[in-house]
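Atoms within a ligand are numbered from 1 in the order they appear, just like the ligands themselves. Everything numeric in this text was worked out from a predicted model, so none of it was measured.
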Amino acid sequence: MSFLKELQNSILIADGAMGTLLYSHGVDRCFEELNLSKPEDVLHVHQSYIQAGADIIQTNTYGANFIKLSRYGLEDEIRQINKRAVEIAKQAATPSTHVVGTIGGVRAFKKSAHSLDEVKRNFREQLFLLLSEDVDGLLLETYYDFEELKTVLQIARKETNKPIITNVSLHDAGVLQDGTSLQDGLSQLEELGANVVGLNCRLGPYHMIQSLEEVSIPKHAFLSVYPNSSLPTFEEGRLVYGSDERYFEESALKFREQGVRLIGGCCGTTPEHIRAMANAVSHLKPVTEKKVKLPKMEVITTSNNPTPEPPLQDIVKERRSVIVELDPPKKLGLNTFLEGALALQQAGIDALTLADNSLATPRVSNVAAGLLAKEKANSRTLIHLTCRDRNLIGLQSHLMGLHTLGLSDVLAVTGDPSKIGDFPGATSVYDLSSFDLISLIKQFNEGLSYSGKPLGEKTNFSVAAAFNPNVRHLDKAVVRLEKKIHCGADYFISQPLYSTQQIEDVYLATKQLKAPIYIRIMPLTSTRNAEFIHNEIPGIKLSDSIREKMALAGNDKEKARQEGLAIARSLIDTAFELFNGIYLITPFLQYDLTVELTHYIHQKEKQRTERKIFHV
Ligand SMILES: Cc1cc2nc3c(=O)[nH]c(=O)nc-3n(C[C@H](O)[C@H](O)[C@H](O)COP(=O)(O)OP(=O)(O)OC[C@H]3O[C@@H](n4cnc5c(N)ncnc54)[C@H](O)[C@@H]3O)c2cc1C
Ligand SMILES: [Zn+2]
């Protein structure tokens with residue numbers, strides 16, 4: 001009899017953890033490989049769960065797919081590992097045990113790590129292997145990424161009529177990683193044809209019960225729950241889960257009250273937990289009605305921050321705009337920086353932009369420097385934000401900090417990799433790509449954290465993104481811009497451009513885009529500076545004529561300065577005809593250069609306006 005039939009009138013018990021149980025017995029390698037090298041250990045785990053009262057057991061195939069096995073160099077063993085897993089589970093099964101083939105989620109929060117196409121290929125291969133071994137059903141578990149789960153469920157539903165259990169994993173109670181409520185998420189899975197829908201892993205019974213209180217009993221599916229035994233702790237270099245079987249006995253009764261019909265365990269659970277739950281509820285009839293708690297409606301207010309100016313994207317759409325990069329120094333002491341901020345403010349720039357440890361070299365925090373510039377020079381500061389130095393926790397905390405300080409102009413970039421900077425061995429985090437970071441900031445503007453948790457207040461970030469036209473195929477770079485706009489980028493800032501031809505090419509390639517672009521121009525200071533940039537800064541190439549002009553100035557500092565300014569002015573002349581936004585970089589805190597160029601731009605704009613008036 002299919003276990004779905006049994007679920008119509010009874011509560012079924014599933015097994016508990018495989019991985020953490022093996023780990024607690026000292027296995028510290030690929031758990032799925034044991035199907036080949038130590039099948040008796042896997043068999044023993046299955047038997048222990050069945051003896052404890054499990055009606056449904058899962059194959060030891062949670063990570064037995066190409067993406068996960070290739071981390072261990074085991075990708076050629078996929079077929080054997082899955083085949084043996086089903087054989088071992090069936091060997092352990094009694095006539096009344098059901099064996100479901102498990103396929104675990106592969107994407108965590110880092111969607112960019114695996115494209116959906118890769119996810120689909122990976123899933124299909126394992127799906128076919130498990131179905132060809134004639135499992136009694138499928139268990140799709142530990143899916144943090146809802147998009148991934150919906151995608152693979154649709155593939156599985158097309159391929160088989162066998163029962164499918166889908167379990168999502170939550171960071172926070174009641175809400176999926178993308179902000180979808182658990183109720184809505186489970187309803188969507190039911191609609192896509194899942195026969196059992198529920199939760200597994202990450203959280204223990206407490207948060208799972210809390211989550212289930214907001215979920216109604218589905219009409220065309222059954223509810224499942226596979227809690228972890230507790231939150232883990234780290235002891236002597238090992239992850240350890242707490243274990244109190246009596247707590248699980250009480251929890252099982254509460255799961256039943258929430259309408260759950262399939263109850264198992266995830267990380268940290270043991271046969272003792274399963275026995276406790278089986279004893280508590282196996283003999284009880286399922287609950288068919290429940291009172292659903294309305295989710296706590298947290299009020300998300302609009303930002304309390306005063307935003308006197310229109311956002312930069314609006315400014316640059318309407319008129320010429322000059323913003324200037326003045327980077328925080330590499331040494332302590334902000335006097336020159338603040339003098340520069342003041343001089344540029346007096347020159348009439350629209351914003352001062354501050355890099356985030358550019359070229360992967362430590363500088364005074366751009367938030368500290370930016371706040372001082374705001375306070376002391378009245379600067380509007382645009383803070384660069386890289387994915388290199390902060391993980392998902394750090395980035396969110398940083399964004400909340402920026403919002404708290406009223407710094408709402410940000411540039412979201414991947415960040416130069418550590419290996420090009422002063423500390424090449426330092427970790428480059430890259431939990432998020434620039435696309436993800438842009439989306440995250442926009443989610444903050446909706447008042448929601450990465451995991452969909454209300455932040456209490458909506459932020460009001462205006463988000464710039466980087467545009468690197470110094471690539472072989474400009475059309476591909478433009479596709480990236482479109483994707484960034486899709487993620488929420490409000491406007492772009494280019495890498496420095498060093499030829500008028502390139503500025504024209506960029507104009508032609510981007511003029512159809514909805515988001516405005518600031519063209520980045522950096523005055524060169526010497527021939528050495530020019531050669532360094534040309535030869536050693538990734539992604540930037542100078543034209544031959546510019547390099548020749550700088551070389552001709554030789555070691556004459558003033559001549560080189562004038563030549564650098566002249567080159568910048570001629571680039572500005574071209575950019576000025578085609579773009580509203582000019583972004584000047586201040587080299588080595590030499591703000592007199594960017595002040596002078598700012599005046600030049602304003603002068604040009606004045607002449608242009610006068611000409612216009614004259615023509616009218
Ligand atoms: C305006 C601006 C400000 C910056 N500020 C900082 C800063 O403060 N701190 C810092 O460390 N770095 C900074 N950078 C550098 C930036 O982080 C890196 O240059 C980055 O690799 C490019 O920008 P992104 O992060 O948005 O790239 P993305 O568009 O996210 O690109 C990420 C990766 O894809 C590659 N890529 C990009 N375009 C293509 C393409 N067309 N084809 C194939 N591959 C491609 C890139 O090389 C990169 O490895 C800045 C860059 C710009 C343009
Ligand atoms: Zn787990």
> By residue and atom, what protein N/O/S atoms are less than 2.8 Å from the Zn ion (ligand 2)?
Replying inline: Cys201 SG, Cys266 SG, Cys267 SG
>> Ring-plane angle category for Phe467 and Phe492, please: parallel below 30°, perpendicular beyond 60°, tilted otherwise.
In response: perpendicular
Please confirm whether [X] comes within less than 3.5 Å of ligand 1 when only nitrogen or oxygen atoms on both sides are compared.
| X | result |
| --- | --- |
| Arg480 | yes |
| Gly415 | yes |
| His473 | no |
| Ser494 | no |
| Gln495 | yes |

> Charged N to carboxylate O below 4.0 Å: is that the case for Arg320 and Asp350?
Replying inline: no
>> Do the side chains of Glu325 and Arg520 get close enough for a salt bridge, i.e. N-O under 4.0 angstrom?
In response: yes
Is the shortest distance from [atom] to a protein heavy atom below 4.0 Å?
| atom | value |
| --- | --- |
| atom 21 (O) of ligand 1 | no |
| atom 49 (O) of ligand 1 | no |
| atom 42 (N) of ligand 1 | no |
| atom 12 (N) of ligand 1 | yes |
| atom 46 (C) of ligand 1 | no |
| atom 1 (C) of ligand 1 | yes |

I'd like to know if the side chain of [X] reaches the main chain of [Y], judged simply by a donor and an acceptor atom lying under 3.5 Å from each other, with no hydrogens or angles considered.
| X | Y | result |
| --- | --- | --- |
| Asn228 | Cys267 | yes |
| Thr142 | Gly105 | no |
| Thr270 | Glu272 | yes |
| Asn65 | Gln126 | no |
| Ser434 | Thr414 | no |

Nearest protein heavy atom with distance in Å, relative to [atom]:
| atom | value |
| --- | --- |
| atom 9 (N) of ligand 1 | Asp356 O, 3.0 Å |
| atom 5 (N) of ligand 1 | His384 ND1, 3.0 Å |
| atom 52 (C) of ligand 1 | Arg520 NH1, 3.5 Å |
| atom 23 (O) of ligand 1 | Ala466 CB, 3.5 Å |

>> Does the structure place the NZ or CZ of Arg29 under 6.0 Å from the centre of the six-membered ring of Tyr72, at an angle of no more than 45° from the ring's axis?
In response: no
> Do Lys68's NZ or CZ and the ring of Tyr62 fall within the cation-pi criteria of under 6.0 Å and 45°?
Replying inline: yes
> Does Asp416 approach ligand 1 within less than 4.0 angstrom via side chain, backbone, both or neither, non-hydrogen atoms only?
Replying inline: both
>> Heavy-atom contact check, 4.0 Å cutoff: does Leu411 meet ligand 1?
In response: yes
>> So for Lys484, does at least one of its heavy atoms come nearer than 4.0 angstrom to any atom of ligand 1?
In response: yes
> Leu474 and Ala509: which non-hydrogen atoms are nearest, and at how many Å?
Replying inline: CD2-CB, 3.7 Å
> Where do Asp436 and Ser439 land on the side-chain hydrogen bond (donor to acceptor under 3.5 Å, both in side chains) test, with the steps shown first?
Replying inline: CA-CA 5 Å; Asp436 303 328; Ser439 305; 5.6 Å; no
> For Thr353 and Leu411, what are the C-alpha separation, side-chain angles and deciding distance, and is it a side chain to side chain contact (heavy atoms under 4.5 Å, CB included)?
Replying inline: CA-CA 9 Å; Thr353 102; Leu411 166 71; over 6 Å; no
> So how far is it from Leu138 CG to Ile103 CD1, rounded to the nearest 0.5 Å?
Replying inline: 6.0 Å
>> Could you walk me through whether Ile67 and His114 satisfy the side chain to side chain contact (heavy atoms under 4.5 Å, CB included) test, starting with their C-alpha distance in whole Å, then the side-chain angles of each, then the deciding distance to 0.1 Å, before giving a yes or no?
In response: CA-CA 9 Å; Ile67 291 176; His114 303 289; 3.4 Å; yes
